[in-house]
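In what follows, every chain begins at residue 1, and chains take the letters A, B, ... in the order their sequences are listed.
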Amino acid sequence: MSEDSSQPSWDPLPRDFYLPTARKVAPALLGHFLVRQDREGPCAGVIVETEAYLAHDPSCHGYARQTARNRSMYGPPGHAYVYFIYGNHFCFNAVCGPEGVPEAVLVRAIQPLMGLDLMCQRRKGRRELDWTSGPGRLCEALHITRPLDGADLCNAASPVFIARNPEVLKLRRALGPLVRTRRIGISVATHWLLRFYLDGSAWVSKRR
DNA sequence: TAAGTGATGCAT
DNA sequence: TGCATCACTTAA
């Protein structure tokens, strides 16, 4: 028995990967793997769309001050920041920058890789392109909810983590070009170019 | 294009 | 306490 779905050989990105500003980390995450494992089994996808939220960015949840909701953003890098929005949806972020500096990368879309049956179930049989093409959609497909807030993304035993793609450059070439645009759904700092995506992926949530 | 959904955070 | 806001999704 070499490897099976119960013992995947994922190699988590190290904590110092998340130490730089989210502006740098957001594009660097493209092509790596978001991995979720729970009682139902493992699920994973290629990260194809991200947005950076910065410490001195008025659209960042941590901009004003630390609160109960954004506490994880102020913690050490390489942990999850998961929040509930619009009464319906969760959004998943990777905390960046040193402890005390509230920065994070919102993962807006992944391209399904494994656990497709689970994603299909959780997304109620919708077409595959709609499973994970949006921040709320991917959280539903991977069953990412508030209890995962603060989870360690640098530990392969964690319920959610990010694994290194050893062929990330090759994959970026295949799914490129890498496009940088304005962020989606915000009302301030709307012109800042902090959204990044791989234009060749059909799972990108919105073009432009 | 707009309604739904409920936690959050700031103003009372 | 009250209420506007919200890093979204779906159905139309």
Subject >> Within residues 57-68 of chain A, residues whose heavy atoms come under 4.0 Å of DNA chain B >> reply: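 Listed by number, they are A:Arg65, A:Thr67.
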Original post:
Among all residues two or more places apart in sequence or in another chain, which pass the side chain to side chain donor-acceptor pair (under 3.5 Å) test with A:Asp117?
Top reply: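 If we apply the side chain to side chain donor-acceptor pair (under 3.5 Å) test to A:Asp117, skipping adjacent residues, there are no hits.
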Subject >> Contacts of type side chain to side chain donor-acceptor pair (under 3.5 Å), residue A:Arg123, not counting sequence neighbours >> reply: A:Glu140
Describe the nucleic acid contact of [X] in one word from base, sugar-phosphate, nothing, applying a heavy-atom distance below 4.0 Å.
X	answer
A:Gly87	base
A:Arg182	nothing
A:Ile186	sugar-phosphate
A:Arg69	sugar-phosphate

Atom pairs under 3.5 Å, N or O on each side, protein against nucleotides 2-4 of chain C: can you list them with distances?
none

Original post:
Are the charged groups of A:Asp57 and A:Arg23 less than 4.0 angstrom apart, N to O?
Top reply: no
Subject >> Salt bridge present between A:Asp152 and A:Arg15 (N-O < 4.0 angstrom) >> reply: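 A salt bridge links A:Asp152 with A:Arg15.
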Original post:
Can you list the residues that meet the side-chain contact (heavy atoms from CB on, under 4.5 Å) rule with A:Ala55, with sequence neighbours excluded?
Top reply: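 Counting only residues at least two positions away or on another chain, A:Ala55 forms a side-chain contact (heavy atoms from CB on, under 4.5 Å) with A:Val101, A:Pro102, A:Glu103.
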Original post:
Taking only residues two or more places apart in sequence, or in another chain, which ones meet A:Arg173 in a side-chain contact (heavy atoms from CB on, under 4.5 Å)?
Top reply: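 A:Arg173: side-chain contact (heavy atoms from CB on, under 4.5 Å) contacts with A:Leu169, A:Lys170.
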**OP:** Would you please confirm or rule out a distance under 4.0 Å between OP1 or OP2 of B:dG6 and any side-chain N or O of A:Arg146?
**Re:** no
**OP:** Report yes if at least one side-chain N or O of A:Ser187 is closer than 4.0 Å to OP1 or OP2 of C:dC6; otherwise report no.
**Re:** yes
Report the distance from atom [atom1] of [X] to atom [atom2] of [N], rounded to the nearest whole Å.
X	N	atom1	atom2	result
A:Tyr86	C:dT9	OH	P	10 Å
A:Met73	B:dG9	CE	P	12 Å
A:Leu129	C:dT9	CG	P	15 Å
A:Arg137	C:dT9	CZ	P	6 Å
A:Asp130	C:dC8	CG	C1'	14 Å
A:Lys206	C:dA7	NZ	C1'	11 Å
A:Arg126	C:dA11	CZ	P	6 Å
A:Phe196	C:dA7	CZ	P	18 Å

**OP:** Output yes when a side-chain donor or acceptor of A:Asp11 lies under 3.5 Å from a complementary backbone atom of A:Arg164, and no otherwise.
**Re:** no
Restricting to ring pair (Phe, Tyr, Trp, His ring centres under 6.0 Å), what partner residues turn up for [X], sequence neighbours left out?
X	answer
A:His143	none
A:Phe90	A:Phe84
A:Tyr18	none

Original post:
Which other residues end up in the same hydrophobic cluster as A:Leu54, if Ile, Leu, Val, Met, Phe, Trp and Tyr are linked when side-chain heavy atoms come under 4.5 Å apart?
Top reply: A:Trp192, A:Leu194
Original post:
Has the side chain of A:Tyr83 got a donor or acceptor atom sitting under 3.5 Å from an opposite partner on the base of B:dA7?
Top reply: no
Subject >> Intra- and interstrand pairs of DNA chain C - dot-bracket, Watson-Crick/G-U under 3.5 Å, | marks other strand >> reply: ||||||.||||.
Distance-only donor-acceptor pairs under 3.5 Å for side chains of residues 41-53 of chain A, two or more places apart:
from    : atom 1 : to       : atom 2 : distance (Å)
A:Glu49 : OE1    : A:Ser205 : N      : 2.6
A:Glu49 : OE1    : A:Ser205 : OG     : 3.0
A:Glu49 : OE2    : A:Arg108 : NE     : 2.8
A:Glu49 : OE2    : A:Arg195 : NE     : 2.9
A:Glu49 : OE2    : A:Arg195 : NH2    : 3.0
A:Glu49 : OE2    : A:Ser205 : OG     : 2.8
A:Thr50 : OG1    : A:Ala26  : O      : 2.9
A:Glu51 : OE1    : A:Tyr53  : OH     : 2.7
A:Glu51 : OE2    : A:Ile184 : N      : 2.8

Subject >> Out of C:dT9, C:dT10, B:dT8, whichever nucleotide has its closest atom nearest the side chain of A:His89 >> reply: C:dT9
